[in-house]
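Model, not experiment: these values are computed from the prediction. All heavy atoms count here, side chains included; hydrogens, waters and symmetry mates do not. The sequence lines fix the lettering, A, B, ..., with proteins before strands; numbering per chain opens at 1.
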Amino acid sequence: MNQEFTPARVRFAPSPTGHMHLGSARTALYDYLLAHKTGGQFILRIEDTDVKRYMPGAEEELINGLKWLGIDYDEGPGKGGPYGPYRQSERKEIYLEYGKKLVESGNAYYCFCTPERLSRVREEQQKRKEPPHYDGTCRNLSREEIEARIKNGEKYVVRFKAPREGTTTVTDLLRGEITVENRTLDDSILIKSDGWALYHLAAMVDDYLMKITHVIRGSEWLPSLPLHSLICRAFGWREPVWIHLSVFLKPSGKGKMSKRESADLIKDGHSIFIKDFADLGYVPEAVVNWVALMGWSYDDHTEFFTLDDLVQKFDLNHLNPSPAAINFTKLDHFNGLHIRNLSDEDLAGRIRPFFEAKGYQPDHQILLKIAPILKERLATLDDSVELAGFFFEKDVKYSTEELIPKGLTKEQTAVILKESLKILSSVPVLTKEKDEPLMREFVEKSGFSAGQVFGILRIAVTGQRVSPPLFESMEIIGKDKVLERIDAAIKILD
RNA sequence: GCCCCCAUCGUCUAGCGGCCCAGGACGUGGCCCUCUCAAGGCCAAAACAAGGAUUCGAAUUCCUUUGGGGGCACCA
């Protein structure tokens, strides 16, 4: 498909009515990838024509979300561009003008029906088990009557004059031709009585004026695709390439995530809201990788992708039209992969806030040293605190029972601790290369198992049953503190 | 109710008429490595929704059924 290799102008057009979620993130990602792959532009357009549903802060959240994910836009609010303004609330007059054009060309008409009458009609239709429909009362009003009623101050809307007979066929890139019977079409409202355009008009006008080549959006728009196509045709515009992505299903695969369920996820350390991922310890690289693969694939075995990889390899032909269930365990997997792909310096910087949030004041040099031993143990960044908090602790806490391993007595444990103290005191500086052979030699002679000896030391030094490797940890903690902690353990047993 | 879309292991998916008694990944189980936990390596179990049709040959094409999803606003 050669259209992929011509510069694409693609737009991400969210409405600021709620939190940015995974579905939006994926759409924006694909937009970005297509634009960058083809050397085109990625445009952010805010669809805020509905004042009632406006959520303060949503636009900012959207922009921050994109920034966090690393998908920067070329044109949009705060950035400008040759086709602005990029907020629909600033484009009211434009839509009015194009609405009028449609009326003049006979593709739309003024409708004076009141909302009350409309809902009455709808009720009756439903009672008769008919699909709810505009009944066409104002479809063929005379010019004189229209002028008179407008002059009379009657409220009106602009409706699209949808064809009543025949069929309409539109092509969606991943689904092929979609054909509907025109009699199932409705005369949708294009401009409300308050003068604001509805999505159907506004989006089509903007896509045209902004020279959008590909419309990538959710499949909830599929039912109104014929309408949108018809509007473009009424204007005589060339249609963009239509791409409707399927929705994300809840992890069980049974249905879409409800508001309630989305909010509840956070209890399990998950979320579908982009704003939450950072705090939950996810790195944007992983979220991008994960979400890219829900609905797109490269081949039958490659799964690790950076954003740059994706720009290189993304293509429209491997998009998948079927709905995908969200799989958070796979996100954890990707998160681990990308954490391990980070430099020590980078990882040190990223885990710092998690330590700080727990009241630690981590030293950068120590963070740099623990980064490599933490790397392959982290599913999420916040795991690092639980695993490595002891590095920043003055002393460690544990119970006597924890110190004495199963199968050993208090006395034996004390012997091991005292011997270890002696050995570790004998080396000038604690380094893995130096003390590990000495300790292993002791294990060998003592008749205890490595697991027993190192297990006791692990508790004494880290206060934890599970920790990063012992000798590496001791090296980082330093001789003085290690000896201090072992000494403290011996005292506990006395 | 009506309209539209979708259908391969539990999940994400590869597959675009013979390379497939279906490949990869996550997860699960086992083994190896091992100072704990991981990471890593190896192995295993696990799917073409059902029924027709076309064809020498179908997971791949067509039809029906079933299941799932979306939509039917002066929301987007």
Side-chain angles (χ1 to χ4, degrees), chain A residues 13-18 47-50 52-53 111 113-115 118-119 122 125-126 128-133 155-159 172 174-175 178-181 184-186 188-194 196 198-200 202-203 217-226 244 246-247 249 251-256 290 293-304 317-318 320-334 336 340 373-379 383 387 436 439-440 443 449-459 462 464-471:
Chain A
S15 64
T17 54
E47 312 228 320
D48 55 352
T49 52
D50 187 7
K52 278 175 272 161
R53 296 207 311 153
C111 169
C113 297
T114 62
L118 259 18
S119 65
R122 221 177 350 250
Q125 287 168 334
Q126 264 157 359
R128 275 178 277 143
K129 306 229 169 189
E130 285 171 22
H133 242 359
K155 292 247 184 198
Y156 62 90
V157 300
V158 175
R159 276 186 192 276
D172 171 86
L174 27 169
R175 295 156 211 273
I178 295 166
T179 300
V180 293
E181 302 277 343
T184 66
L185 264 24
D186 202 0
S188 301
I189 292 173
L190 265 19
I191 296 175
K192 296 189 272 184
S193 56
D194 63 5
W196 281 103
L198 249 21
Y199 176 92
H200 302 130
R217 56 184 357 184
S219 66
E220 66 270 21
W221 290 110
L222 228 30
S224 43
L225 177 58
H244 291 86
S246 281
V247 291
L249 271 25
S252 64
K254 300 270 176 220
K256 216 168 70 165
W290 175 57
L293 258 19
M294 307 181 68
W296 176 82
S297 60
Y298 178 61
D299 58 19
D300 65 347
H301 64 278
T302 316
E303 290 217 313
F304 183 87
N317 297 327
H318 287 86
N320 193 136
S322 47
I326 297 171
N327 184 349
F328 288 108
T329 24
K330 193 139 190 179
L331 169 62
D332 286 344
H333 169 252
F334 279 121
R340 272 168 258 141
I373 59 174
L374 238 38
K375 215 177 262 186
E376 60 200 28
R377 275 161 253 270
L378 297 180
D383 289 344
L387 206 57
E436 185 168 3
M439 285 302 298
R440 290 207 180 270
V443 167
S449 75
Q452 289 170 325
V453 175
F454 298 152
I456 294 167
L457 280 179
R458 167 169 289 107
I459 296 280
T462 71
Q464 299 172 182
R465 276 227 151 75
V466 172
S467 83
L470 221 211
F471 295 100

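Trp296(A) meets the ring-ring contact (aromatic ring centres under 6.0 Å, His included) test with Phe305(A), Phe314(A); sequence neighbours excluded. Listed by chain and residue number, nothing satisfies the side chain to side chain donor-acceptor pair (under 3.5 Å) test with His333(A) (two or more places apart in sequence, or in another chain). Partners of Ser246(A) according to the side chain to side chain donor-acceptor pair (under 3.5 Å) rule, which considers only residues two or more places apart in sequence or in another chain, are Arg175(A). Considering only residues two or more places apart in sequence or on other chains, Arg340(A) meets the side chain to side chain donor-acceptor pair (under 3.5 Å) condition with none of them. Trp221(A) meets the side chain to side chain donor-acceptor pair (under 3.5 Å) test with no other residue; sequence neighbours excluded. For His244(A), the ring-ring contact (aromatic ring centres under 6.0 Å, His included) criterion is met by no residue, not counting sequence neighbours. With sequence neighbours excluded, the residues that form a ring-ring contact (aromatic ring centres under 6.0 Å, His included) with Phe454(A) are Phe471(A). Remark: Phe304(A) engages His338(A) in a ring-ring contact (aromatic ring centres under 6.0 Å, His included) (not counting sequence neighbours).
Side-chain N/O atoms of Arg175(A) include none lying less than 4.0 angstrom from OP1 or OP2 on rC4(B).
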Dump the pairs, protein N or O against N or O of nucleotides 18-22 of chain B, anything under 3.5 Å, distances to one decimal.
none

Return the polar atom pairs (N/O with N/O) between nucleotides 40-51 of chain B and the protein under 3.5 Å, or none.
unit_1: rG40(B); atom_1: OP1; unit_2: Arg340(A); atom_2: NH1; d: 3.3

Expected rows: protein N/O vs nucleotides 14-16 of chain B N/O, under 3.5 Å:
unit_1: rA14(B); atom_1: OP1; unit_2: Ser297(A); atom_2: OG; d: 3.1
unit_1: rA14(B); atom_1: OP2; unit_2: Asn320(A); atom_2: OD1; d: 3.3

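Residue contacts shown for Gly295(A) are limited to sugar-phosphate atoms, with no base heavy atom under 4.0 Å away.
A salt bridge links Lys330(A) with Glu303(A); the closest basic N to acidic carboxylate O contact falls under 4.0 Å.
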Worksheet item: Quick one: what's the B/S/- string for nucleotides 63-76 of chain B, heavy-atom cutoff under 4.0 Å, read 5' to 3'?
Response: ------SBSSSBBB

